[in-house]
Amino acid sequence: MGNWNDEKGLSPLAVGYGWAMRILSLAIEVGLVILAGYWLDTRVETHPLFLILATFLGMTMFFVQLMIMAGNQKESDQTNESDRS
């Protein structure tokens, strides 16, 4: 596994804060989608149809974006390892 802070020269604490902010932004996106589903349910009076759909949509978005982040990190690690050779 490569060192995450080789390119930027950041401390491990700074790298940790960066990852925490990425995950927090994903969680906020999920929360906003779920709130939109709840709001739509109250407007259309279809409790809990849109809330359930929004929950599945939000969680799917979360996992897809998380996998994209992990894939980008893996590519970055492989690039760092090849640069050292």
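The first residue of the sequence shown is numbered 1, and numbering continues consecutively from there. All values reported here derive from a predicted model rather than from experimental measurement.
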Which residues pass the side chain to side chain donor-acceptor pair (under 3.5 Å) test with T60, sequence neighbours left out?
none

Sequence-distant partners of [X], side-chain contact (heavy atoms from CB on, under 4.5 Å), two or more places apart:
X   : answer
F56 : I52
L35 : none
T42 : Y38, W39, H47
A14 : L10, S11

Which ILVMFWY residues are connected to M21, directly or by a chain of links, through side-chain heavy atoms under 4.5 Å apart?
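Joined to M21, directly or through intermediates: L24, I28, L32.
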
Do [X] and [Y] come within less than 4.5 Å of each other through their side chains, counting heavy atoms only?
X   : Y   : value
V33 : T55 : no
E29 : Q65 : yes
M61 : V30 : no
M69 : L26 : yes

Work out which heavy atom in A54 is nearest to a heavy atom in G37; give both atom names and the distance.
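Nearest heavy atoms, A54 then G37: CB-CA, 3.7 Å.
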
Can you tell me how far apart CG (L57) and CD1 (I34) are? Round to the nearest 0.5 Å.
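Going from the CG atom of L57 to the CD1 atom of I34 covers 9.5 Å.
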
Report yes or no: do M59 and L49 belong to one cluster of Ile/Leu/Val/Met/Phe/Trp/Tyr joined by side chain heavy-atom distances under 4.5 Å?
no

Indicate if F62 and L51 have the same hydrophobic cluster label, given that clusters are the connected sets of ILVMFWY residues with side-chain heavy-atom separations under 4.5 angstrom.
yes

